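Worth saying up front: this structure is predicted, and the values here are computed from it rather than measured.
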Amino acid sequence: MLKKEWIERGFIDEPVAEGTDLKREIRRLCKEKDAIILAHYYTRGEIQEVADFIGDSLALARKAAETEAKIMVMCGVHFMAETCKLLSPEKTVLCPDLNAGCSLADSCKADDLKKFKDEHPGYQVVSYVNTTAAVKALTDVVVTSGNAKKVVDQLPKDANLIFGPDYNLGNYINEVTGRNMLLWNGGCHVHERFSVDEIVRLKKEYPEAIVMAHLECKGPVLALADVKGSTATMLKYAQENPEKQYIVATEAGILHEMQRTCPDTKFIPVPPEISEGGVGCSCNECDYMKMNTLLKIYNCLKYGWPSVEVDKEIAKDAVKPIERMLSLS
């Protein structure tokens, strides 16, 4: 039975007996309950190791749409669990910690987007997948960092477009497509931290290294990158060129899969920028992604909670731009 304090916290922290092999117990529960564990590249390494499938936002969305499992445990952030539920409304979608939000999704509220749309009649909305279901319901097509250019290229050349919420990604897509989309001024708190100075410093230390940067990074950082793209793009490039060294400007969780698949390759994570007082930001990791733990996964499978639900009226409209994205990419 769920305790009141668990419901109030948004996760279950019931301890297990000392010596319990959580990974083995999680796999046992998955088999027993016909459940599948999906994990983003930015989660802890131990979670990626226990997952049935790991990937970026696009790959996770595709997997959510096609899985036959009765239960999905989405180890990522809340909007990813919502996306799973939108694509498979008949299935149970569990989120190990309901508090695992997203600074980028938080930067664009549905009411604010609706007001902006009303101020720009005739504009279509292209929304990054890092948004709530309510924002997706106001959207014409969803994109990920991996398919944004491909999707935008397929929209009519004379279309008036609003892109949000990531300003850096939108600015990059404007540059490579020749579009002039109106850009929402949102950003990811992790990718906003990476600085030119830190990359230049690392380049001096590792002059032969290839610089990789996620498209959520600022323009000056992307200008220094040899490889620009999604986490999946960076991972694929490294796997195809394992003899090189890499300076990586994205959330550090991706290094686990990079190192696993390229064990002899050197990957150097870009640290956060240093403030004027000489003190760095906390880390180059997403605190929200790291809210997922093995204990929380075990408990959510054991109790079938926290589950994610989406209002039916919102879901009816929110799933359409996701399905459109999948058809165009």
Side-chain angles (χ1 to χ4, degrees), residues 37-63 74-77 79-80 83 100 102-105 128-130 144-148 166 168-169 172 187-195 198-199 202 206 209-218 221-222 224-273 281-294:
I37 296 175
L38 308 178
H40 194 276
Y41 288 130
Y42 293 164
T43 54
R44 302 167 188 265
E46 62 197 28
I47 289 175
Q48 296 182 45
E49 292 168 2
V50 79
D52 295 278
F53 182 82
I54 59 173
D56 62 1
S57 295
L58 177 58
L60 292 171
R62 290 191 181 282
K63 195 67 177 180
M74 181 64 247
C75 301
V77 293
F79 79 79
M80 295 178 179
T83 300
C102 172
S103 59
L104 186 50
Y128 195 24
V129 70
N130 297 44
T144 70
S145 55
N147 67 14
D166 193 275
N168 295 324
L169 175 60
Y172 175 81
C188 167
H189 74 287
V190 174
H191 291 94
E192 287 279 323
R193 294 173 181 170
F194 297 122
S195 72
E198 290 298 313
I199 295 175
L202 287 172
Y206 304 95
I210 299 294
V211 177
M212 292 179 162
H214 196 281
L215 297 180
E216 292 177 22
C217 293
K218 297 176 182 177
V221 170
L222 292 177
L224 287 177
D226 304 295
V227 178
K228 311 174 185 70
S230 65
T231 47
T233 296
M234 290 185 276
L235 177 62
K236 183 173 184 287
Y237 188 93
Q239 290 170 339
E240 293 173 349
N241 303 276
E243 73 282 2
K244 301 182 183 296
Q245 295 181 335
Y246 295 97
I247 295 169
V248 185
T250 192
E251 209 278 349
I254 186 61
L255 297 178
H256 180 83
E257 183 65 5
M258 285 180 168
Q259 207 68 75
R260 186 188 72 82
T261 57
C262 306
D264 299 320
T265 303
K266 187 172 186 62
F267 296 100
I268 307 106
V270 178
E273 63 186 350
C281 297
S282 59
C283 64
N284 54 3
E285 297 184 339
C286 175
D287 295 336
Y288 294 119
M289 287 284 186
K290 270 50 180 184
M291 286 182 174
N292 294 276
T293 66
L294 290 177

Interatomic spacing from CG in D226 to OH in Y237 - rounded to 0.5 Å: 7.0 Å

With a 4.5 Å cut-off on side-chain heavy atoms, are V211 and V227 touching? no

Interatomic spacing from CD1 in I268 to CD1 in I199 - rounded to 0.5 Å: 12.0 Å

Answer whether the closest heavy-atom distance between the side chains of K244 and K266 falls below 4.5 Å. no

Stepwise, does the side-chain contact (heavy atoms from CB on, under 4.5 Å) test hold for V270 with N284? CA-CA 8 Å; V270 178; N284 54 3; 5.7 Å; no

If you compare all heavy atoms of E216 against all heavy atoms of N130, which two are closest, and at what distance to 0.1 Å? OE2-ND2, 4.0 Å

Angle between ring planes, H189 versus Y288, binned at 30° and 60°: parallel, tilted or perpendicular? perpendicular

Output the distance between atom CE (M258) and atom CE (M234), rounded to the nearest 0.5 Å. 5.5 Å

Between CE of M212 and SG of C217, what distance do you get to the nearest 0.5 Å? 13.0 Å

Side-chain donor/acceptor of D166 to backbone N/O of L169, under 3.5 Å: yes

Y172 and K228: side-chain contact (heavy atoms from CB on, under 4.5 Å), yes or no, with the steps? CA-CA 10 Å; Y172 175 81; K228 311 174 185 70; 3.8 Å; yes

Over all heavy atoms of both residues, which pair between M74 and L60 is shortest? Give the atoms and the distance, please. CE-CD1, 3.7 Å

CD on E192 to CG on L104, rounded to 0.5 Å: 9.0 Å

side-chain contact (heavy atoms from CB on, under 4.5 Å) between M80 and M289: does it pass, once the steps are laid out? CA-CA 11 Å; M80 295 178 179; M289 287 284 186; 3.5 Å; yes

For D56 against A59, the heavy-atom pair lying closest together: OD1-N, 3.0 Å

Is it the case that the side chain of E240 and the backbone of L235 share a donor-acceptor pair, with hydrogens and angles ignored and the cut-off at 3.5 Å? no

Drop me the distance from L215's CG to H191's NE2, to the nearest 0.5 angstrom. 9.0 Å

Show, in sequence, the C-alpha distance, side-chain angles and deciding distance for F267 and C262, and conclude whether the side-chain contact (heavy atoms from CB on, under 4.5 Å) test is met. CA-CA 9 Å; F267 296 100; C262 306; 4.0 Å; yes

L255 and P269: which non-hydrogen atoms are nearest, and at how many Å? CD1-CB, 3.5 Å

Without placing hydrogens or testing angles, list every side-chain donor-acceptor pair under 3.5 Å for residues 37-47, not counting sequence neighbours.
residue : atom : partner : partner atom : Å
H40     : ND1  : Y42     : N            : 3.0
Y42     : OH   : T250    : OG1          : 2.7
T43     : OG1  : H40     : O            : 2.7
R44     : NE   : K290    : O            : 3.0
R44     : NE   : N292    : O            : 2.9
R44     : NH2  : K290    : O            : 2.5

